[in-house]
Each structure stands twice: as structure tokens, then as C-alpha cells.
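These notes are about the structure you will find just below.
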Number of protein chains: 2
Amino acid sequence: MQNDKYIEILDTTLRDGAQGEGITFSLHDKLAVMETLDELGVAWIEAGNPGSNPKDLEFFRLASSLKLINAKLCAFGSTRKKGLKASGDSQLLSLLDSGTEGITIFGKSWDLHVNEVLKAEPEENLAMIADTVAFLKTEGRTVIYDAEHFFDGWNSNREYALSTVKTALEAGADCIVLCDTNGGNFPDAVAAAVRDVIKIMPDTCIGIHAHNDSGLALANSIAAIQAGCTHAQGTLAGFGERCGNTALAALIPSLELKLGLRCLPEGNLVRIGELTRRVAEIANVSISDDMPYIGAHAFSHKAGMHVDGILKTSRSFEHIDPAAVGNERHLLMSEVGGRSAIAERVKKIDPSVNKDHPVVISLAEKLKKLEAEGWAYEGADASFEILIRRELGCYKPLFKIEAYRVLSEHPASENIACSHAWVKILVDDKYEIAAAEGVGPVGALDSALRRALSRFFPALEKVRLEDYKVRVIDGNEATSARVRVLIESTDGHRIWNTVGVSADIIDASRAALVDSIEFMLMRKQE
Amino acid sequence: MQNDKYIEILDTTLRDGAQGEGITFSLHDKLAVMETLDELGVAWIEAGNPGSNPKDLEFFRLASSLKLINAKLCAFGSTRKKGLKASGDSQLLSLLDSGTEGITIFGKSWDLHVNEVLKAEPEENLAMIADTVAFLKTEGRTVIYDAEHFFDGWNSNREYALSTVKTALEAGADCIVLCDTNGGNFPDAVAAAVRDVIKIMPDTCIGIHAHNDSGLALANSIAAIQAGCTHAQGTLAGFGERCGNTALAALIPSLELKLGLRCLPEGNLVRIGELTRRVAEIANVSISDDMPYIGAHAFSHKAGMHVDGILKTSRSFEHIDPAAVGNERHLLMSEVGGRSAIAERVKKIDPSVNKDHPVVISLAEKLKKLEAEGWAYEGADASFEILIRRELGCYKPLFKIEAYRVLSEHPASENIACSHAWVKILVDDKYEIAAAEGVGPVGALDSALRRALSRFFPALEKVRLEDYKVRVIDGNEATSARVRVLIESTDGHRIWNTVGVSADIIDASRAALVDSIEFMLMRKQE
């Protein structure tokens with residue numbers, strides 16, 4: 001299918017997504033999400049509301065010095081305050097200060113909101129829309145106008161709702177986005193309203209912004225695009241207020257693979273699962289296994305009849321080729337799919353190995369067992385390589401931790417930190433003991449371990465921990481549940497990731513730290 | 001809205017739902033799910049495939065002696081084998097043996113499947129359908145005919161697809177169900193095909209069975225019903241092959257509240273969240289917080305502008321009244337929330353406070369500062385209440401931790417766990433010291449603290465930690481980054497949540513534990 005017609009995608013993970021319960025991004029997180037979305041290649045990244053909180057303001061200051069490859073940034077705010085001049089509204093000035101190429105402005109379309117929430121005359125609301133858009137246009141920005149509650153407004157008072165978007169367009173808005181803010185509308189109503197708008201403003205960029213309160217955000221976005229919208233908003237993983245926004249990771253594959261529309265730079269669709277997972281990881285949220293297209297179960301076949309059909313012809317039980325979205329098929333009765341992936345990894349160390357090699361079969365078994373215990377190697381390449389080398393018999397540990405003690409105390413004594421660690425290691429036949437202090441117990445253990453090892457391996461002094469993540473695997477066991485620790489390390493040139501699992505957070509961290517050091521020393525020796 | 005027109009609901013949690021990855025029901029589980037579905041009041045419970053596994057056969061034997069109030073049971077199987085007589089096919093005989101009032105039979109509609117999977121002549125497939133349905137009808141059963149892959153078949157060879165359902169109807173089928181087995185179709189195509197079928201068989205019970213591979217199962221079910229279907233299949237929580245089936249917990253509220261259709265006995269809709277959670281609990285799966293209508297976040301409002309609007313008129317940001325589905329509204333405390341949400345919470349303690357009260361203004365400031373440091377109160381109501389009481393000046397700590405020490409060691413000594421803790425507390429003017437061991441350092445500290453306090457507060461013995469979450473806030477600071485700990489506690493009756501933040505995981509856990517204990521004791525005193 002030739003993808004000629006282009007749909008402009010705006011991702012609002014950093015704004016509407018951050019309004020989802022349980023989603024909190026640090027400044028560093030926001031920059032990492034921005035880079036991930038740019039890598040995927042959406043057209044716009046709506047990155048925050050600088051008027052609502054100081055973190056977003058700081059974010060825009062930092063972001064302005066970074067170069068994006070595919071995407072453009074936009075800041076989000078509302079029409080000017082009642083009774084103020086646009087040029088005298090501090091919220092609008094903070095939007096300009098954010099320095100983004102685009103500015104999204106939301107305004108009221110629903111008479112209920114104008115009367116009861118804004119408490120303004122209908123005419124005043126129109127003036128607020130017109131003044132705001134015109135002011136930002138004279139400042140040279142691209143203005144995306146979000147018509148909040150458009151569909152509810154259109155149902156309640158069609159004439160007035162249409163007059164609000166006409167006002168925004170006439171004031172210079174570059175795109176008119178129709179929002180189902182409460183997520184309560186059905187696809188047939190959405191399509192009818194979109195057609196009605198297009199009738200009065202043909203050749204305009206019309207967009208859709210849908211919420212999932214009725215489980216119809218995706219369907220409403222598709223219906224709107226089929227009715228003529230050329231701009232679609234959502235969040236990659238579906239985060240957002242209440243039940244979330246349209247999940248772009250589910251929308252984009254449908255548009256590109258089924259409707260012949262183009263959303264991303266050529267070749268990027270296969271990365272959508274990986275990059276969505278990265279955004280979710282940054283938010284410390286899991287992607288649901290049954291998520292369309294990219295979920296771990298999206299191409300898992302369990303019923304015997306289905307597995308049988310799939311082996312005869314894949315189309316029989318798969319609506320698309322999983323590879324088109326970078327996913328893969330899992331036949332739950334056999335490990336055929338899993339072994340191919342493992343063999344690919346083992347080949348990098350021993351090219352003679354294929355998927356029926358005993359090492360691959362045994363690794364597949366081991367992986368299943370380890371994953372059931374809570375280990376996850378998806379984000380821990382270095383630990384997985386150590387696992388492979390161990391299985392191939394070409395792994396020799398370079399050191400051993402004989403014993404350690406970590407003490408945390410409160411209150412801290414005057415001249416010592418809250419946590420201190422002591423560790424005894426063995427390298428060949430030599431022992432070494434070292435101690436260190438730290439802010440927390442893991443930091444103290446890390447320092448002590450590096451200090452003891454650096455006598456034998458001076459190169460370790462260059463290694464730094466870049467990132468440290470903890471996830472409780474079985475929440476319902478409370479503090480004696482298993483935790484998974486993921487560590488990202490760097491020597492200034494490369495980055496590698498390791499994992500550790502234990503009921504004891506210190507022990508899980510120890511496992512990930514040891515893998516990280518072993519991996520670095522192993523690479524050094526080669 | 002008067003709900004006159006009735007939509008017959010068939011729940012297939014126990015059959016298609018059990019084909020979902022990670023879903024396994026024991027015999028006892030299956031009976032419990034059946035009772036739950038009956039309590040909700042669906043019309044049909046499709047409870048298993050007696051031909052495919054012995055557990056289902058045993059289930060039907062047990063179920064036949066139980067009396068259902070609202071629902072009828074049906075067993076699921078396929079058309080007779082190629083070349084056999086219907087009366088001589090053991091699979092069909094096992095369906096009859098199951099003794100259910102209804103039998104669901106699936107047959108092929110898609111020529112691709114007939115040719116490449118079934119490897120049968122098109123005419124032979126029609127004969128298999130006709131024979132099977134007619135045989136079961138002569139045995140006096142209600143026959144629900146599932147036209148597998150109907151929409152793909154209709155797209156590929158419309159005439160043939162239509163001839164399969166016509167054959168089933170003429171053989172006596174009571175209901176013809178059109179299935180989007182691969183979940184790849186869009187609502188417009190589904191509606192068109194349904195209308196096409198209804199044209200050739202008006203006044204027939206036509207049903208819809210949709211899968212969620214494109215995220216459109218709900219939308220396809222609604223489109224089919226709007227086009228004339230009067231029977232809908234799905235699973236209460238959305239379980240099923242790959243990305244799952246239509247989630248009935250999301251479909252039924254849309255049908256009853258928005259389309260004026262009747263699905264459940266009067267008054268049962270308010271129980272749909274509770275009963276869906278029970279089914280999920282039995283399957284040992286969590287209901288996603290952002291699930292439409294019934295999710296924990298479905299009516300959670302976080303952005304300040306939304307909270308402000310909701311307090312003026314609930315319709316402004318809610319598509320339905322949460323009480324209609326037994327859910328409730330939550331106003332979240334966060335940096336993007338405003339003073340209105342804070343004021344609502346403070347009012348519960350001091351009703352005289354409004355959003356311009358100095359305490360509210362000061363709390364809003366404090367919240368912004370704390371969130372910038374990594375604290376998050378949206379999942380920690382109890383910690384937030386303590387914060388409010390502190391600000392109101394009506395909080396008096398009931399105990400103080402004077403000092404603690406936590407030691408983690410490796411290897412563990414023979415008779416002691418890896419972690420042990422020692423804690424000294426002060427209650428009024430009395431000191432108490434206690435020690436405990438644990439698998440990890442936090443567990444050890446928790447035990448020691450409770451032991452010391454239980455001398456003064458025996459009620460603490462009933463408190464248990466339900467859930468423990470750790471989140472590293474600024475990953476790039478590695479092991480000296482701040483961590484946020486969230487703790488869920490229970491005394492067997494209520495559940496409350498607290499938060500702690502520190503660069504030291506032990507200290508962050510200590511803060512959340514102390515809040516949890518203080519909150520419990522405070523409630524006890526009132």
C-alpha cells in the first residue's frame with residue numbers, strides 16, 4: 001500500500017500524559033521522553049504547560065538548546081484571561097518565553113462551559129479566542145487551536161460551537177483540533193461533526209484529540225481521520241487524564257498499515273514497540289501485555305486450533321505481519337519463536353550456533369525459568385551476554401565477593417554518612433578488604449566494592465553508574481516481595497545494562513553491580 | 001432514558017477468556033466465575049469446550065447441579081469433522097453430554113480457511129454446518145452459530161460468507177453471530193457487513209463477537225449493534241486470545257447509559273465494577289486502572305482546570321455520573337492540580353476552609369515544593385492527610401524514632417537472616433528498644449518498629465503491609481539518586497497509602513512506614 005497522504009501526529013505524553021494518575025516526570029525524564037519521541041519521528045511534541053508549574057518552564061529552557069531531528073516542540077496554554085489584553089496576560093507571555101516553534105491554545109466550544117465554568121458572555125469567549133490566536137500569530141508562532149469539548153458543544157449548541165472554531169481560524173490558527181475532552185462520544189457522532197466542520201472550512205488542517213472514557217478513543221480518532229482530519233493527537237502509550245488519551249502506538253499502525261496513510265518517517269514503524277516501551281519505562285509504568293500491535297501477547301497464539309491454523313497460513317489468525325510493527329509471534333505451545341531470537345544473540349559470540357544448537361535450547365529453558373522468578377533481560381543486555389557466555393562455557397568470573405556488611409543508621413553520627421559498607425573480595429588467590437560510606441546502602445556497597453577491586457583493575461576507576469532502577473515484582477508480598485534492580489553503567493564511551501533480582505534489595509543490587517563490573521572487565525580483556 | 005430494547009449478552013470468560021495468555025482457571029475458579037456472571041445477570045455464560053479438555057467436561061458435570069438465577073449455560077464446539085456423520089462425531093456428543101441449554105457452534109465463513117486450514121471443498125463446509133446445527137436442534141438445544149472470521153470472509157468472498165450463515169439459519173440456528181476473529185476490521189466495514197446480513201435475514205437474532213487486535217473491539221461491537229445486532233459476546237474484563245475480546249464491563253455501560261438498550265436486570269449496572277474485579281481477582285489478574293467506566297482512575301481528575309470545572313458542574317469533565325456504574329470521583333493532589341482540589345480535601349477535616357484560606361494557599365505552595373523534590377501524594381492519601389493536619393496545627397506525632405540501625409550482611413550467618421534491624425523509639429516520655437530480622441533491610445526495620453510500638457499500641461498487631469513500591473526519581477544520579485517509596489497498609493477493614501522520599505532507601509521507607517502507623521493510630525483515636 002502506498003502511503004501518500006500524510007497525517008500530522010502530535011504527541012502530548014509530556015502534557016496530557018503527565019495529567020494521568022501515577023505519571024510523574026522529572027526534568028531528566030521529560031528530556032528523555034522528548035528524545036524518544038523525536039527518534040520515532042512524530043511531527044509535534046507537546047511538552048508542557050509553562051504557566052502551570054515551574055518544572056515545565058525549566059524544561060523549555062533546557063530543551064531550547066537541544067537539536068531535534070524530526071519533531072518540533074510546542075507549549076500548551078489557554079486563551080487569555082477574561083478582561084485582560086492578550087499582551088498583558090502573564091500565562092500567554094510564559095508561552096512565548098518557552099521559545100517553542102508551536103503553541104497549542106485551548107479554548108471553550110461548549111456553551112455549558114462558557115456559562116458555568118468560564119462564567120463569561122458567549123461573545124467574550126469568542127473575543128478571548130480571537131485575541132489570543134492573533135497575538136501569538138503576530139509573534140510568529142505556529143498556533144494549534146484545541147477546541148476543548150468540541151463534540152459536546154456541537155451536540156448542545158451547534159451554531160455556537162462552529163462559531164468558536166471559525167473565530168480561531170479567522171484569527172490565523174494553523175490547525176483546528178476538535179477535542180472529545182470528556183471521552184463520551186461515539187464514532188458516528190464524531191464523524192458527523194468532523195464533516196460538518198470541514199464543510200465550513202475546507203482546505204484547513206483539522207485535527208482530532210480523543211479521550212478513552214468510553215473505550216473509543218482509537219475508534220473516534222480513526223472515524224475522524226476517515227471523515228477528513230489530517231492531524232491527530234494522542235500519547236504514545238495512551239497515558240492521560242482519567243482513562244487516558246488515544247494510544248498512538250495503536251493508532252499509527254492502523255493508519256499506516258490499513259488506511260495507507262503516512263505518519264512517521266519511512267522505516268520507523270518497526271521501532272514503535274521498542275520506543276513506546278522506553279517511554280513507559282521512563283514513566284515507570286508497564287505496557288499492558290494485551291496492547292494492540294505492540295503488546296507482548298499481541299501475537300501470542302494459545303488455542304491449539306489457532307496454532308495449527310497459523311502454521312498452515314499466518315493470515316488465518318493474524319491481522320497483520322507482526323514484523324511490520326517490530327513485534328513477533330509466540331506460539332505458546334512451542335518455543336520456536338523464542339529460540340530464533342536467542343540464536344541471533346548467541347551468534348554474535350559464536351557464529352556457528354543455530355536455533356537448534358543445544359546451547360540455544362538450554363538457554364531458552366533457563367530464560368523461561370528465570371523470567372518466572374522475576375528476571376527480565378529486555379533492558380539488561382550485558383547480563384544476558386554473561387548468561388550466554390556462561391552457557392557456552394567461555395565465562396570465568398574475575399573476582400568473587402567473599403563477604404559484605406552494609407549498615408544504615410539514624411541519626412547519622414557527626415563525621416560519618418548514614419550508610420557504610422565493608423566488603424571482602426577474592427581475585428585469583430589474593431584477598432582485599434575495603435570500606436566506604438554513602439548516602440544510601442547501595443551507594444555505600446558500590447563504593448566499597450570498587451575500592452577493593454581497583455587495586456587489581458585500575459580501569460574500574462573510570463566506570464560510573466548512570467542509572468539505577470528498582471521495581472517490586474510481587475507487590476502483594478509487601479516488603480518481603482522480590483525486587484528487580486536495573487543498573488546502567490558507563491566508562492565514558494559505552495553504556496551497558498545489567499539486572500539483579502532478590503527478595504533483598506541489597507542483594508539484588510549486588511548481583512547487578514557484579515555483572516556490570518564483570519562485563520566491563522571482560523570487554524577490556526578482549 | 002427508557003431501556004426498552006434488549007441486547008442479549010453472552011460472556012465467554014470461561015472459554016475465549018481462558019485462551020488468553022496467563023489466564024488459567026481451576027475447576028473451583030470456573031464455578032466461582034460462573035456464579036459471579038450469573039449474579040451480574042448476563043443472558044448466557046459460555047463456559048468451556050468439553051471436547052478440548054477434561055477439566056471443562058468435569059466442570060459441566062458439577063455445574064448441572066447448580067441453580068442459576070439469571071443466566072443460562074452453553075458449551076462451545078465446532079462443526080462436525082469432515083467425512084463423519086454429526087451423530088457419530090465424538091466432539092458433538094461431548095457437547096450434548098455437557099447438558100447445557102445452549103450450544104455454541106463455530107464454523108468457517110472465510111474461503112481462505114476452508115481451502116487452506118480446513119482443506120475442504122466449499123460445499124463440504126456448508127454440509128458440515130447444516131448437519132451439525134440440524135443434529136443439535138433435533139436434540140432440543142438452543143444453537144448459537146458463531147460464524148468464525150465472518151468479516152474477513154465477507155471481504156474476501158461475500159457470496160460464500162453469506163451462504164454459510166444462511167445455511168446455519170436454515171438448519172435451525174437460533175442466533176447467527178458474526179465474528180471478527182482476527183480483530184483486524186474497522187467499525188465502518190463491520191457495520192456494512194451487518195447491514196448486508198440483516199438484509200437477507202431480517203427478524204433473526206444477529207450477534208457480534210469482536211477481538212481487540214486493532215484496539216477496536218468495543219467500537220466494532222457498538223457499530224454492529226447500531227446496525228441492528230441484538231446479541232453481543234465478550235468477556236467481562238476483556239480477557240481473550242492475543243489482545244483479548246470485547247470488554248463487557250466497558251460495553252454494557254455504553255449500551256445501557258448512552259444507547260438506551262437493556263442488557264442486565266434492572267439495578268445491576270452499579271455492581272459491574274465490583275463483579276468485574278471479582279472475576280479478575282479469581283483469574284489473579286489486575287483490572288487496569290484506566291479501564292473505561294470501572295477503572296480506579298476512570299473518574300480521577302488531576303489538572304487544576306479540570307478539578308475547578310468539576311466543582312462548578314460535574315458534567316463539565318465527566319461523561320457520565322460515576323455512581324451509575326458504582327464508581328466514584330477522585331480529585332488528585334498534584335503539582336498540576338489546583339487549590340480547589342486541596343480545599344475539597346481540607347474541608348473533610350475543617351469544613352470552614354475554602355480555596356482562598358491561608359492553609360490552602362500554604363499547602364498548595366508546599367505541595368509544589370515537595371513534588372519538585374520527588375514527593376507524590378496522588379497515590380498517598382494518608383500521607384496527604386497528615387500533611388493537612390500538620391498545616392492546620394491539629395497534628396501531634398504519637399511517637400518518635402530516636403535511632404535505628406539496619407545491618408545487611410552476606411553471607412548470612414547460620415542462625416540469622418541476611419538483614420537485622422534495631423530501633424529505639426520514644427512515646428510520651430517512655431523509651432522502648434526492639435530488634436528484628438528480615439529477608440531485606442526494609443522488612444527488618446518494619447518488624448523492629450512494630451515490635452517496639454506494639455507495647456504502647458496493641459492495635460498495630462493487626463496492621464499488615466499490602467503493597468510496597470519503589471521508584472528511583474532521578475535515575476541519572478545513580479545510586480545516590482532519590483528514591484520514592486509508596487506503601488499500602490491494611491488493618492483488615494480499610495486500606496491506606498503513604499509515601500516517603502529520600503536519597504537513602506531505608507530512610508524513605510522509614511518515612512512511609514511512620515506515616516502509615518501514625519495515620520492508623522490517628523483514625524483509631526477519633
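Quick note on labels: first sequence line is chain A, next is B, and so on, each numbered from 1.
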| Interchain contact, B:Trp110 with chain A, by part (heavy-atom threshold 4.5 Å) | side chain
| query | What part of A:Leu218 lies closer than 4.5 angstrom to a heavy atom of chain B: side chain, backbone, both or neither? | reply | both
| field | Toward chain A, the part of B:Lys424 with a non-hydrogen atom under 4.5 Å | value | neither
| said: What's the separation between atom NZ in B:Lys302 and atom CZ in A:Arg242, rounded to the nearest 0.5 Å? | reply: 13.0 Å
| request: Determine whether A:Leu407 and B:Arg405 make a side-chain contact, defined as any pair of heavy atoms from C-beta on separated by less than 4.5 Å. | output: yes
| request: Answer yes if the ring centres of A:Phe317 and B:His211 are under 6.0 angstrom apart, and no otherwise. | output: no
| said: For the CD1 atom of A:Ile505 and the CD1 atom of B:Ile505, what is their distance to the nearest 0.5 Å? | reply: 3.0 Å
| note | Counting heavy-atom pairs under 4.5 angstrom with chain B, the leader among A:Gly184, A:Ser509, A:Pro292, A:Ala421 is A:Pro292
| query | Between A:Gln226 and chain B, which part of the residue has a heavy atom less than 4.5 Å away: side chain, backbone, both or neither? | reply | side chain
| field | Side chain proximity check, B:Glu318 to A:Asn182, heavy atoms < 4.5 angstrom | value | no
| field | Non-hydrogen side-chain atoms of A:Cys418 and B:Asp507 separated by less than 4.5 Å | value | no
| task | Compare all side-chain heavy atoms of A:His319 with those of B:Ser214 and state whether any distance is below 4.5 angstrom. | result | yes
| said: Does any part of the side chain of B:Cys243, heavy atoms only, come nearer than 4.5 Å to the side chain of A:Met291, both counted from C-beta? | reply: no
| field | Toward chain A, the part of B:Asp188 with a non-hydrogen atom under 4.5 Å | value | side chain
| With a 4.5 angstrom heavy-atom cut-off, which part of A:Ile282 approaches chain B: side chain, backbone, both or neither? | backbone
| message | Quick check: do A:Val117 and B:Ser316 have side-chain heavy atoms less than 4.5 Å from each other? | response | yes
| query | Is the B:His410 ring parallel, tilted or perpendicular to the A:Tyr404 ring (thresholds 30°, 60°)? | reply | parallel
| task | Could you tell me the separation between the CG atom of A:Leu445 and the OG atom of B:Ser408, rounded to the nearest 0.5 Å? | result | 9.5 Å
| said: Is B:Ala18 close to chain A through its backbone or its side chain, or both, or neither, when contacts mean heavy atoms under 4.5 Å? | reply: backbone
| Test side-chain contact (heavy atoms from CB on, under 4.5 Å) applied to A:Val406 and B:Val406, step by step | CA-CA 8 Å; A:Val406 185; B:Val406 185; over 6 Å; no
| query | With only heavy atoms counted, which part of A:Asn49 is less than 4.5 Å from chain B, the side chain, the backbone, both or neither? | reply | neither
| message | Looking at chain A, which one of B:Ala298, B:Ser288, B:Gly295 has the largest number of heavy-atom pairs inside 4.5 Å, strictly under? | response | B:Ala298
| task | State the CG-CD1 distance between B:Asp213 and A:Ile320, to the nearest 0.5 angstrom. | result | 9.0 Å
| field | Under 4.5 Å from any heavy atom of chain B - which part of A:Phe186 | value | side chain
| said: At a 4.5 Å cut-off on heavy atoms, which part of A:Arg510 comes close to chain B: side chain, backbone, both, or neither? | reply: neither
| task | Decide yes or no for A:Thr24 and B:Arg484: does some side-chain heavy atom of the first lie under 4.5 Å from some side-chain heavy atom of the second? | result | yes
| query | Do B:Glu116 and A:Lys312 have side-chain heavy atoms sitting under 4.5 Å apart? | reply | no
| said: So for A:Glu58, is it side chain, backbone, both, or neither that comes closer than 4.5 Å to the heavy atoms of chain B? | reply: neither
| remark: If one checks every heavy atom of A:Ala249 against chain B at 4.5 Å, the contacting part turns out to be neither
| field | Option in A:Ser502, A:Gly438, A:Ser419, A:Ala403 with maximal non-hydrogen atom pairs under 4.5 Å from chain B | value | A:Ala403
| said: Could you check whether atom NZ of B:Lys369 has more than 12 heavy atoms from other residues, nucleotides or ligands sitting under 6.0 Å from it? | reply: no
| task | Might you point out which heavy atoms bring A:Ile506 and B:Pro441 nearest each other, and give the distance in Å? | result | CG1-CG, 3.8 Å
| From CD (A:Glu21) to CZ (B:Phe299), nearest 0.5 Å | 13.0 Å
